[in-house]
Number of protein chains: 2
Amino acid sequence: MIEKFFNPESVAVIGASRRPGKVGHAILESLKKSFPGKIYPVNPEAVEILGLKAYPSVLDIKEKIDLAVICVPAEKVLSVLKECKKKKIKAVIIISSGFSEIGRKKEEEKLKIPGLRIIGPNCVGVFDAYSGVDTLFMPHTRLQRPGKGGISFITQSGAFGSAILDVAAHYGTGVSKFVSIGNRVDVNEIELMKFLDGDPNTRCIALYLESVSDGRKFIETVKKLKKPVVCLKAGKSKTGVKAVSSHTGSLAGSYRIYSSVFKQLNIVEAKTTEELIDFSKALSMQPKMKSKRIAIVTDGGGFGIVATDEAEKLGLELPEFSGRTVKKLREFLPEYATPSNPLDLTGDSDSERYRLALEAVFSDPNIDGVVVIALLQIATLDESIVDVLIEAKVHGKPFVVCATGGSYTLSVARRLESFGIPVYPTPERAVRAINVLRS
Amino acid sequence: MIEKFFNPESVAVIGASRRPGKVGHAILESLKKSFPGKIYPVNPEAVEILGLKAYPSVLDIKEKIDLAVICVPAEKVLSVLKECKKKKIKAVIIISSGFSEIGRKKEEEKLKIPGLRIIGPNCVGVFDAYSGVDTLFMPHTRLQRPGKGGISFITQSGAFGSAILDVAAHYGTGVSKFVSIGNRVDVNEIELMKFLDGDPNTRCIALYLESVSDGRKFIETVKKLKKPVVCLKAGKSKTGVKAVSSHTGSLAGSYRIYSSVFKQLNIVEAKTTEELIDFSKALSMQPKMKSKRIAIVTDGGGFGIVATDEAEKLGLELPEFSGRTVKKLREFLPEYATPSNPLDLTGDSDSERYRLALEAVFSDPNIDGVVVIALLQIATLDESIVDVLIEAKVHGKPFVVCATGGSYTLSVARRLESFGIPVYPTPERAVRAINVLRS
């Protein structure tokens, strides 16, 4: 049933609008851009919207509808839902707000109609990079859509989720599915996690939660998941907890309890917004790390030191290289470079020096993971570093890349991410990311 | 004397090269792009480089030379220096490496020539956004140059500093002076800090240090500084300390001592690369904050909660708004928005709602600083938010902005930063930045 939210053959947009700027117009536009199936605008006053024939009601559509997206005013949602039920639409996304988040819990309860599966209300819906389903009403000029990848993201806050999606797209980070769950009148994060665990495109589940729907079921479900889960829990502080209740009308609960449950369940806790993306990226793109023994390879000595400081702080180890590795490194390193860990290839490195160094370091039995720092301000190091890093994947050991800089650096980072290599804008973030790959 | 490094009337590049890709070519190119004064390439084998008449030696130049940039091989540096002395050049930057960082301490000591002030060796030199001096050998296609601003940056690692400069440029963060101090054979961070304290364009001094040149002098100098100092100390861990000695040939010393001295001296310690930029930005652009009482204003409830959590963690307070403020907010807020702190203007906000809200919140006597979160994925909020935020400066209270997102968000962030409003890509970073404004 959940499948229909992500892989429908046909979608009806109930509340589709002819007026640019309106939510019902924007959703239709988003769908038209990427969804290859049938799209039916529903609007009693329109004949055609964005070149698509419009219908007064879903009941006027002859063909089968798999998914309905509802964006009519709150007071009209119930009657529209009843029509969906009559039309035998099984999956419904209610974008409309004006329910429990503003104290209208009773009105929301009425939306629970047997046989109808509902995401929302008060949400931005679904984005699926593979199927092209896109119910986001934010225009592409404001929110770029990410490409295909392994992160699936469940968010209780539509705005938070949308912004993160935009960040992912900007950085070239790939996404599988995105679900804004809103007030969770029916489908909740628990059912979605179970579904995503079985989704072949999902390699990591990322969560933004202010509260869980059902503590016991949450624990039972997560225990059985095979895929890694990263969670940012919002509403940790006294004032934060109060703010949660006026935001989503839910109870934030005690952060201490959450934190300890996360630990028991092997949920990776993201302490910040950045960590939610950073950790999900590493877990969706890289294998687990067998030990805490890493190497750091850099063309900027200072960055190597900063990364080393962070690594030791987190309990990672930088073992000495084996004799064989040192010998191999000596063969090609300039005399002013020292073959030790962290390995400073120095500021005149080119891709070939990286290639030889990574070949040696990845083959070292003392090393189970590598943080590669590549500073691209230097003219000697060019885009061929991308090929060198793709080649490094053959070793099967996890690695992350740090590339700090501006436009050029970002363009290289984007290419690397499209090949499943996670890139971070600072050495500390790269090190924290490889740290979550420890099994 | 230090002044000549940043405001020379003429610069000689000794070791200027005709071959693109060479350091001596790149430096000449950088200078030509932005330095309005006289530039003299020195190369015994060239007649002209990049359209400039070349000279066999500085002694062949008739005009007065204020600054020499040396990028000849290490073994030639001493003889070239002696020519500089003869030519009465007072300020010299030695880019060339191959001295104490590879154990050649004795050769380096010989470079100390009375009457000559030297920055380096083993550095990338100076960038001054106001005077146009730019000795960086990284091409503009790789390292964008930042615009004019209030941060001055002293770095012991050239690569670290260059990458940070590129990040600043990309984000629109303005810089005054940048100095890569290298092995510090003569001019060191202490003298530069004293100089920058008197530089009218510098409003905050940012440091990347692996060690200090002279502990006692460092303390004495910093005590007398009037401007805020932010410092990232690298070489905190056991392995990090070891790596420092092979990177810059200096002693990292005990991090615990550094950290406690920083506290005594009111140096703001940046614990990460990001904090170095984030904190410097806030301190260079915003006034101090009178108390720990802040307001958070957002169009994304989730972001407001995340920001609130971070604020309470840091000991900041979110007081309730005064009765007057609540009354003013009620006048224009939609019924589904609550006039409390954190203030969620909700996801259909436009600039006008922000304007009215900020007017009310900034005027509240309970509030001494504001974190404004503006999520620009929503079509209702457009670039006019820039004007609203510029207008908010009249209140004289410090504020920082969080804007999380991709390309469009970045373009708005850049405009804001050009008007002296610091922008952060996550709510946590914005809150940590306003926190350092507490006096």
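Being a predicted model, the structure only gives us computed values, none of them experimental. Letters A, B, ... are given to chains in the order of the sequence lines, protein chains preceding strands, and every chain is numbered from 1.
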Go through the atoms of [X] and report whether side chain, backbone, both or neither lie under 4.5 Å from a heavy atom of chain B.
| X | value |
| --- | --- |
| A:Thr409 | side chain |
| A:Thr426 | side chain |
| A:Thr338 | side chain |
| A:Asn341 | backbone |

Are the side chain of [X] and the backbone N or O of [Y] linked by a donor-acceptor pair below 3.5 Å?
| X | Y | value |
| --- | --- | --- |
| A:Gln144 | A:Thr141 | no |
| A:Ser349 | A:Leu345 | yes |
| B:Gln156 | B:Ser211 | yes |
| B:Asn122 | B:Asn183 | no |

Indicate yes or no: does [X] engage [Y] in a salt bridge with an N to O separation below 4.0 Å.
| X | Y | result |
| --- | --- | --- |
| A:Asp134 | A:Arg145 | yes |
| B:Glu310 | B:Arg429 | no |
| A:Arg293 | A:Glu317 | no |

What are the two closest heavy atoms between B:Ser407 and A:His170, and how far apart are they?
->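 Reported closest heavy-atom pair: OG-ND1, 3.3 Å.
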Could you tell me which of [options] has the largest number of non-hydrogen atom pairs under 4.5 Å with chain B?
| options | answer |
| --- | --- |
| A:Gly300, A:Ala168, A:Ala163, A:Gly240 | A:Ala163 |
| A:Val23, A:Thr273, A:Ile164, A:Leu143 | A:Thr273 |
| A:Leu232, A:Val167, A:Leu318, A:Thr298 | A:Val167 |
| A:Thr239, A:Thr155, A:Leu375 | A:Thr239 |

request  = Show your working on side-chain hydrogen bond (donor to acceptor under 3.5 Å, both in side chains) between A:Asp348 and A:Thr346 and close with a plain yes or no.
outcome  = CA-CA 6 Å; A:Asp348 58 353; A:Thr346 77; 2.9 Å; yes
Looking at [options], which one has more heavy-atom pairs under 4.5 Å with chain A than the rest?
| options | result |
| --- | --- |
| B:Gly235, B:Ala307, B:Gly103, B:Ala159 | B:Gly235 |
| B:Ile102, B:Ile305, B:Ile296 | B:Ile305 |
| B:Glu428, B:Met138, B:Lys271, B:Lys313 | B:Glu428 |
| B:Gly21, B:Gly406, B:Pro425, B:Ala337 | B:Gly406 |
| B:Gly405, B:Pro427, B:Ala234 | B:Gly405 |
| B:Asp166, B:Thr380, B:Asp299 | B:Asp166 |

Please classify the contact between [X] and chain A as side chain, backbone, both or neither, with a heavy-atom cut-off of under 4.5 Å.
| X | result |
| --- | --- |
| B:Leu410 | side chain |
| B:Ile378 | both |
| B:Ala379 | both |
| B:Tyr208 | side chain |

### Task
Evaluate the side-chain hydrogen bond (donor to acceptor under 3.5 Å, both in side chains) criterion for residues B:Glu269 and B:Ser259: first the C-alpha distance (whole Å), next the side-chain angles of each, then the deciding distance (0.1 Å), finally the verdict.
CA-CA 8 Å; B:Glu269 193 188 339; B:Ser259 201; 2.9 Å; yes
Exercise. Do B:Arg142's NZ or CZ and the ring of A:Tyr408 fall within the cation-pi criteria of under 6.0 Å and 45°?
Worked result: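 The answer is yes, since B:Arg142 meets both limits relative to A:Tyr408.
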